[in-house]
Amino acid sequence: DDGELLVTATRRAAPLRLQDVAGQRIGTIAGFEYREVAAALGTGFKRDDGPNLESLLRKLALGRVDHALVGRASFEYLLRRGEVPLALHPPLVVAHWRTSCALSPHAAVTLTELDAVLGAMQGDGTLTRIVDRYR
């Protein structure tokens, strides 16, 4: 499971719902589409793009933005490693999804082969061990 979180620096009031941040600059990753946020905020969605999660957290720490949209799994991994450089309110869940895998049309394996390998990895616990390193 993964999802999108809105994290807010403690220097601002914690938003109770996504609409509470309408019109405020939100740290986002350049080129990433935030459908739920765009639908909920419309023209009130004020993006402040950066290249990656670490840059969004630096913007938060420096006060350039008061909120950021972050992937849950990646954010929680950085939290566990102590790499979140500022105090934050508990995150607001914006979206939730089950992680999936994509396969290029030019891949050397077929979708059936990939599914078989992933099924075997899931069955013998390998996939869980890999993911657990980041939880």
Side-chain angles (χ1 to χ4, degrees):
D1 289 341
D2 202 353
E4 198 72 41
L5 305 175
L6 178 75
V7 294
T8 300
T10 56
R11 65 180 166 267
R12 295 284 285 198
L16 301 177
R17 56 193 183 98
L18 190 54
Q19 289 77 7
D20 293 343
V21 300
Q24 299 174 26
R25 284 191 341 265
I26 301 171
T28 52
I29 295 178
F32 195 82
E33 189 173 336
Y34 300 91
R35 289 185 183 144
E36 292 84 358
V37 178
L41 299 182
T43 59
F45 184 20
K46 305 298 181 195
R47 294 180 66 130
D48 190 321
D49 285 346
N52 54 42
L53 174 58
E54 291 82 359
S55 73
L56 298 185
L57 295 175
R58 279 193 301 277
K59 283 183 179 192
L60 274 170
L62 294 171
R64 289 188 51 204
V65 295
D66 294 312
H67 317 279
L69 289 166
V70 300
R72 184 186 60 79
S74 299
F75 178 70
E76 288 177 354
Y77 176 70
L78 291 180
L79 273 177
R80 275 190 305 286
R81 292 177 50 98
E83 296 179 28
V84 177
L86 72 158
L88 299 169
H89 291 292
L92 181 67
V93 177
V94 173
H96 181 266
W97 61 80
R98 299 244 341 133
T99 302
S100 58
C101 185
L103 184 65
S104 166
H106 308 291
V109 298
T110 66
L111 184 56
T112 303
E113 292 168 329
L114 178 61
D115 282 343
V117 169
L118 289 173
M121 290 175 71
Q122 196 167 21
D124 71 9
T126 301
L127 198 53
T128 299
R129 285 191 300 279
I130 292 169
V131 172
D132 280 349
R133 286 187 225 159
Y134 301 96
R135 287 188 184 155

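From a predicted model like this one, the values you see are computed outputs, not experimental measurements.
Of all the heavy atoms in Val84 and Leu79, the pair that sits closest is CG2-CD2, 3.5 Å. Shown here for Gly71 and Asp2, the closest heavy-atom pair between the two residues is C-OD1, 4.2 Å. Pairing each heavy atom of Met121 with each of Ile130, the nearest pair is CE-CD1, 3.8 Å. Scanning all heavy atoms of the two residues, the minimum distance from Ala9 to His89 falls at O-CD2, 3.5 Å. Taking every heavy atom of both residues into account, Thr8 and Pro15 meet most closely at OG1-CD, 3.4 Å.
Counting heavy atoms from C-beta outward, Val94 and Leu69 have side chains that approach closer than 4.5 Å. The shortest side-chain heavy-atom distance between Phe32 and Asp49 does not fall under the 4.5 Å cut-off. Here the side chains of Asp66 and Val21 are not in contact, with every heavy-atom distance at 4.5 Å or above. A heavy-atom distance below 4.5 Å is not found between the side chains of Glu4 and Arg72. When side chains are defined from C-beta on, Ile26 counts as touching Leu41, because their heavy atoms get closer than 4.5 Å. With a 4.5 Å cut-off on side-chain heavy atoms, Leu62 and Lys59 do not count as touching. Inter-residue side-chain proximity for Leu78 and Leu53 is flagged as met; some heavy-atom pair is nearer than 4.5 Å.
Within 6.0 Å of CZ on Arg11 lie more than 12 heavy atoms contributed by other residues, nucleotides or ligands. Around the CD atom of Gln19, the shell of radius 6.0 Å holds more than 12 heavy atoms that belong to other residues, nucleotides or ligands.
When atom types are taken as modelled, the side chain of Asp48 and the backbone of Gly27 share no donor-acceptor pair closer than 3.5 angstrom. In this structure, the side chain of Arg47 engages the main chain of Ile29 through a donor-acceptor pair within 3.5 Å. Formation of a donor-acceptor pair under 3.5 Å by the Glu113 side chain with backbone atoms of Thr110 is found in this model.
In the hydrophobic cluster analysis, where Ile, Leu, Val, Met, Phe, Trp and Tyr join through side-chain heavy atoms closer than 4.5 angstrom, Leu6 is grouped together with Phe45. When hydrophobic clusters are built by joining Ile, Leu, Val, Met, Phe, Trp and Tyr residues whose side-chain heavy atoms come closer than 4.5 Å, directly or via intermediates, Val93 is not grouped with Tyr34. Note on Val109: it clusters hydrophobically with Leu111, by side-chain heavy-atom contacts below 4.5 Å among ILVMFWY residues. Grouping the Ile, Leu, Val, Met, Phe, Trp and Tyr side chains by contacts below 4.5 angstrom, directly or via other members, places Leu86 apart from Leu56. Leu88 and Leu5 fall within a single hydrophobic cluster, where Ile, Leu, Val, Met, Phe, Trp and Tyr are joined by side-chain heavy atoms under 4.5 Å apart, directly or via other members.
Residues Arg58 and Ser55 have side chains that never bring a donor and an acceptor to within less than 3.5 angstrom of each other.
Aromatic pair Phe75/Tyr77: centroids not less than 6.0 angstrom apart.
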